[in-house]
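A short write-up of the structure that comes next.
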There are 2 protein chains.
Amino acid sequence: MAKRRSLDTDPCPVARSLDVMGDRWALLIVRDAFDGMRRFGEFQKSLGVARNILADRLRRLVDAGVLETRPASDGTSYEEYVLSPKGQALFPVIVGLRQWGEAHLFGPQDARSVMLEQASGQPIQRLALLDKQGRPLGPDDVKVKKVER
Amino acid sequence: MAKRRSLDTDPCPVARSLDVMGDRWALLIVRDAFDGMRRFGEFQKSLGVARNILADRLRRLVDAGVLETRPASDGTSYEEYVLSPKGQALFPVIVGLRQWGEAHLFGPQDARSVMLEQASGQPIQRLALLDKQGRPLGPDDVKVKKVER
DNA sequence: CCGTATCCATTCCGATACTG
DNA sequence: CAGTATCGGAATGGATACGG
């Protein structure tokens with residue numbers, strides 16, 4: 001009784017995304033992968049997560065097509081975990097969470113250890129929805145359209 | 001033993017965001033709030049979640065400052081839950097998850113029941129990071145800068 | 001170093017009964 | 001309708017031992 005209902009067939013794409021990525025570790029693993037981490041031990045050290053949990057989450061992300069495995073580049077017989085194109089497409093989500101956290105979850109005295117900037121050294125202005133003319137949109141400019149198929 | 005470690009003082013803003021919003025229901029509640037839902041029963045019906053869980057999650061989101069309560073507008077003695085400015089700032093995160101799900105979690109035969117468009121009726125192009133000139137940036141254009149405080 | 005297996009505590013979640 | 005209280009089962013997470 002009381003089995004956890006999967007959202008993988010939910011009509012809402014937000015729900016389906018959360019079914020895959022909506023737990024404590026998945027998006028942190030993806031964050032680290034964007035940071036260039038590939039090895040089991042790198043993730044484990046960065047996250048401080050138990051190894052059995054990490055192994056389970058990596059497996060799920062591989063099954064979901066977010067990560068891909070490849071033979072270790074250092075000749076050892078282990079795996080490396082790299083973002084697939086599908087995983088790379090999560091970039092805006094990671095940035096959105098980062099900017100929200102920076103703006104609303106740090107006090108004035110609080111240490112900020114990371115911030116985003118362009119590779120050129122310029123700070124990034126913001127994350128935005130663009131219309132076809134490249135103009136940024138706000139919540140009130142957007143509506144959800146119900147579609148039958 | 002084995003107590004769950006909180007991430008609310010983690011130096012990474014992504015981790016702090018996930019500490020607040022990184023569970024199965026929080027972002028779905030916020031999604032519904034963006035959709036105009038305010039009442040306990042509306043959320044419950046939309047999510048199908050158990051009422052005790054919903055009550056707990058609403059309380060946490062209020063405590064976190066993501067939602068605010070106000071007296072019911074219909075004269076009843078209950079509460080309404082509306083997004084605070086802090087909660088509204090999650091808009092890009094919701095949109096990012098929505099677009100990722102639309103792009104990668106629906107098969108060709110699969111029903112899409114919702115899609116985003118501008119209030120004007122135009123489809124939205126995409127979610128992007130903007131530099132100061134308003135140009136969209138990709139993952140390779142961005143780096144993380146470590147900052148001491 | 002990379003995992004897997006096992007054990008145990010905590011947390012999550014659904015069902016249901018109950019209150020105002 | 002809007003919650004609260006309680007229960008039991010499932011999932012999560014940490015520690016640790018073990019094997020490749």
Side-chain angles (χ1 to χ4, degrees), chain A residues 1-10 15 18-30 32-33 37-64 67-82, chain B residues 1-10 15 18-29 32-33 36-64 67-82:
Chain A
M1 208 199 317
K3 194 155 199 103
R4 193 169 146 124
R5 188 172 36 98
S6 173
L7 302 174
D8 63 353
T9 58
D10 193 286
L18 259 12
D19 192 62
V20 178
M21 306 303 301
D23 76 283
R24 192 172 195 69
W25 300 115
L27 282 166
L28 290 177
I29 291 171
V30 170
D32 283 350
M37 294 186 193
R38 303 180 161 206
R39 296 294 290 247
F40 188 94
E42 290 182 298
F43 292 112
Q44 205 279 325
K45 182 155 161 266
S46 164
L47 300 173
V49 61
R51 284 205 297 278
N52 52 350
I53 300 295
L54 177 59
D56 177 76
R57 290 306 185 282
L58 289 172
R59 193 168 17 231
R60 282 198 221 183
L61 290 172
V62 170
D63 289 347
L67 296 177
E68 293 170 353
T69 57
R70 61 175 59 168
S73 52
D74 61 356
T76 58
S77 67
Y78 305 118
E79 308 265 14
E80 286 186 355
Y81 302 88
V82 299
Chain B
M1 209 196 325
K3 203 172 193 88
R4 194 160 130 138
R5 186 173 37 99
S6 173
L7 301 175
D8 62 353
T9 58
D10 193 286
L18 259 12
D19 191 62
V20 178
M21 306 303 301
D23 77 282
R24 192 172 196 68
W25 300 115
L27 282 166
L28 290 176
I29 291 171
D32 282 351
M37 293 186 194
R38 302 179 162 208
R39 296 293 291 248
F40 189 93
E42 290 181 299
F43 292 113
Q44 205 279 324
K45 181 154 160 267
S46 164
L47 301 172
V49 62
R51 284 205 297 276
N52 52 351
I53 300 297
L54 177 59
D56 177 77
R57 290 305 185 281
L58 289 172
R59 193 167 17 228
R60 283 199 220 183
L61 289 172
V62 169
D63 290 347
L67 296 177
E68 293 170 354
T69 56
R70 61 176 58 167
S73 53
D74 62 355
T76 58
S77 67
Y78 304 118
E79 309 264 14
E80 286 186 356
Y81 303 89
V82 300

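Note that this is a predicted model, so its numbers are computed, not measured. Just so we're on the same page: letters track the sequence lines, and every chain starts at 1.
Of all the heavy atoms in B:Glu80 and B:Arg39, the pair that sits closest is CG-CD, 3.6 Å. Shown here for B:Ala33 and B:Leu67, the closest heavy-atom pair between the two residues is CB-CD2, 4.5 Å. The two residues B:Val20 and B:Ala26 make their nearest non-hydrogen contact at O-CB, 4.2 Å.
For the pair A:Asp23 CG and D:dG13 P, the computed distance is 6 Å after rounding to whole Å. The CG atom of A:Leu54 sits 15 Å away from the C1' atom of D:dA15 (whole-angstrom rounding). When the P atom of C:dC13 is taken as reference, atom CG of B:Leu47 falls 12 Å away, rounded to whole Å. Taking atom NZ of residue B:Lys45 and atom P of nucleotide D:dA2, one finds them 12 Å apart after rounding to whole Å. Atom CD in A:Glu80 sits roughly 14 Å away from atom P in C:dC1 (whole-Å rounding). For the pair B:Arg38 CZ and D:dA2 C1', the interatomic distance rounds to 17 Å; values are reported in whole Å. Rounding to whole angstrom units, CD1 of residue A:Ile53 and P of C:dT11 are separated by 14 Å. B:Arg5 places its CZ atom 9 Å from the P atom of D:dA15, with the value rounded to the nearest Å.
In this structure, B:Phe43 reaches neither bases nor backbone, as no heavy-atom distance under 4.0 Å exists between it and the strands shown. B:Gln44 comes within 4.0 angstrom of no nucleic acid atom, judged by non-hydrogen atoms across all strands.
In terms of phosphate contacts, B:Arg57 brings a side-chain nitrogen or oxygen within less than 4.0 Å of OP1 or OP2 of C:dC13. A sub-4.0 Å separation between OP1 or OP2 of C:dC12 and a side-chain N or O of B:Trp25 is absent. At the phosphate of C:dC13, OP1 or OP2 sits under 4.0 Å from a side-chain N or O atom of A:Arg4. Distances shorter than 4.0 Å separate some side-chain N or O of A:Arg59 from OP1 or OP2 on C:dT4.
The side chain of B:Phe40 lies closest to D:dG3 when the candidates are C:dG3, D:dG3, D:dG14. Listed nucleotides: D:dG13, C:dG14, C:dT6. Nearest to the side chain of A:Asn52: C:dT6. Candidate nucleotides C:dT4, C:dG3, C:dC13 were compared by shortest atom distance to the side chain of B:Arg24, and C:dC13 ranks first.
Comparing B:Arg39 and A:Arg60 against DNA chain D, the residue whose closest nucleotide sits nearer the 5' end is B:Arg39. Nearest-nucleotide assignment on DNA chain D puts the 5′-proximal partner with A:Ala50, out of A:Tyr78 and A:Ala50.
Judged by distance alone, with hydrogens and angles left aside, the side-chain atoms of A:Gln44 form no donor-acceptor pair with the main-chain N or O of A:Leu54 at under 3.5 Å.
Looking at A:Asp56, its side chain has no donor and acceptor atom pair within 3.5 Å of the base of D:dT12. For A:Arg51 and C:dG3, a side-chain-to-base donor-acceptor distance below 3.5 Å is present, hydrogens and geometry of angles not being considered.
For the atom pair CZ (B:Phe43) and CG (B:Leu47), the distance works out to 8.0 Å, reported to the nearest 0.5 Å.
Between A:Arg60 and A:Asp56 a salt bridge is recorded (basic side-chain N to carboxylate O distance below 4.0 Å).
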